[in-house]
Amino acid sequence: MLPTTADVVVIGGGVMGASAAYHLTARGIKNVVLLEKAPFLGMEATGKCAGGIRYQFSTEINVRLSLLSLPMLERFEDELGQAIDLRWPGYLFLLDNAHDLAVFRNNVALQNRLGIPSRILAPAEVAERVPLLNLEGVIAAGWHDRDGLADPNGVVQGFAAGARRLGAQIFTETEVTGIRVESGRVAAVETPAGTIATRAVVNAAGPWAGKVAALAGVDLPIVPLRRQIVVTTPLKGIPEDFPFVLDFSRSLYFHREGKGILTGQSNPNERPGFDQTIDHSWTEQHLERAMWRFPLLERAGLLREWAGLYEVTPDAHPVIDGLNDPAGLYVVAGFSGHGFMHGPIAGLLIAEMITDGRAHSLDVHELRFSRFLEGDLVREHNVV
Ligand SMILES: Cc1cc2nc3c(=O)[nH]c(=O)nc-3n(C[C@H](O)[C@H](O)[C@H](O)COP(=O)(O)OP(=O)(O)OC[C@H]3O[C@@H](n4cnc5c(N)ncnc54)[C@H](O)[C@@H]3O)c2cc1C
């Protein structure tokens, strides 16, 4: 039975919602209710993601989010008692043109200034690192050996179990269909199973965050964009430490998944929409390029493939903010395709805003909602 009142209602049971619920309860909020429309937690973007975690970003705010979030994943099993299959094989960005190399040199300078020992590898070093790849056209690579992978489902389950232990109530198959606003502030959340009176709502609805915001009359520019992944059957000869490799100019990536390879490629012609059926013509093009770059894949079978949704904002940065209109509506969404790794710190930051009136672990002024209205989008510091 749904409760009739809550101190905070969290909408969405992906990494953002689960992390927010855990950090709210850990900060002493007793009556936290998380509502998820799907039958299980973590079934949407989080469960469909590639699991990559990295420090190699091009904006200071993203690097700083990683500097706080990735150590939380390192402490995760101790703090929450849940294994998350954390691995650090490194991230290798293959670069094939002078423009991208110049951008990556600036990125590395930024990362080094913030204490991350990333660097640029010469082609011979790249060949030594990934001898299985066809390195045709590669002029250099961005490399950091302390980037890696973690299990998204483990992270969601760990946060959710931690939140439950501390008193949160979690309801699946419960879609939020309305947000009641009275006198300029949030008053209640409506679902087919009943209405919950509350003065604080966290919009952690990922690709649906725009729709959820609209329930409260807010125009939040987050759009869903389909992205696909293929996992191959086991392949002999892939080393344990095979890194997360990105063929940067092709938005094509690979990493080891079990004894096979997980690969994805972003379709530049994809249009925003909620369609999550697999586009088989794109799979064909993707696999053709994947086999060219990684010839061993010609020997692999297709084990699984799926489509999921990115949650994209106009400047590819998230919103982490408490709104003024309506007051009591908090947003932690719009991570634009790399939110899994920032989920731990994002949930803590939104919990700090609710319990203390402001986020103090990190200054996230740049990620405020009003930047879209002010035209003050997050700036790329490293574009040359
Ligand atoms: C193919 C792919 C690869 C990716 N790879 C990576 C990667 O390597 N590394 C990385 O860091 N990130 C990656 N991402 C991005 C990452 O998955 C997302 O940024 C992150 O999972 C977003 O988490 P979330 O909790 O905001 O969204 P979600 O996990 O989608 O959770 C939102 C939840 O809200 C629920 N919901 C929506 N509307 C309602 C409603 N009205 N009522 C109740 N519940 C509702 C949904 O059912 C959903 O479960 C990838 C994404 C995709 C699609």
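Nothing here was measured: the structure is a model prediction, and the numbers come from that model. When reading the values below, keep in mind they use all heavy atoms of this one structure, side chains included, and skip hydrogens, waters and symmetry mates. Counting convention: from 1, in listed order, for ligands and their atoms alike.
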Would you mind telling me if ligand 1 is within reach of the side chain of [X], the backbone, both or neither, using heavy atoms under 4.0 Å?
| X | result |
| --- | --- |
| I53 | neither |
| F340 | both |
| S336 | neither |
| L309 | backbone |
| E311 | side chain |

Exercise for the section: Look at R129 together with E125 and state whether they make a salt bridge at an N to O cut-off of under 4.0 Å. Expected result: no
Exercise for the section: May I ask you to list the atoms of ligand 1 that are less than 4.0 angstrom from any heavy atom of K48? Expected result: 1 (C), 2 (C)
Could you tell me whether ligand 1 has any atom less than 4.0 Å away from a heavy atom of [X]?
| X | answer |
| --- | --- |
| E175 | yes |
| A204 | yes |
| V332 | no |

Exercise for the section: Looking only at protein heavy atoms, identify the closest one to atom 25 (O) of ligand 1 and say how far it is in Å. Expected result: M16 N, 3.1 Å
Fill in the blank from the handout: Restricting to heavy atoms, the pick from G206, P152, A45 nearest atom 17 (O) of ligand 1 would be A45
Problem - From the candidates L149, T46, L215, the one that places a heavy atom nearest atom 23 (O) of ligand 1 - result: T46
Exercise for the section: May I ask you to decide if the ring planes of F93 and Y91 are parallel, tilted or perpendicular, using 30° and 60° as cut-offs? Expected result: tilted
Exercise for the section: Could you tell me whether the side chain of E352 and the main chain of H360 form a donor-acceptor pair under 3.5 Å? Expected result: yes
Residues 229-253, side-chain donor-acceptor partners within the protein, below 3.5 Å, at least two apart:
from : atom 1 : to   : atom 2 : distance (Å)
T232 : OG1    : I261 : N      : 2.9
T233 : OG1    : G301 : N      : 2.7
T233 : OG1    : G301 : O      : 3.3
D247 : OD1    : R250 : NH1    : 3.3
D247 : OD2    : R250 : NH1    : 3.3
D247 : OD2    : R293 : NE     : 2.9
D247 : OD2    : R293 : NH2    : 3.4
S249 : OG     : D96  : OD1    : 3.2
S249 : OG     : D96  : OD2    : 2.8
R250 : NH1    : D96  : OD2    : 3.4

Problem - With E36 via side-chain hydrogen bond (donor to acceptor under 3.5 Å, both in side chains) - residues at least two apart - result: none
Exercise for the section: Before signing off on this row, confirm whether K37 and ligand 1 have an N or O atom pair separated by under 3.5 Å. Expected result: yes
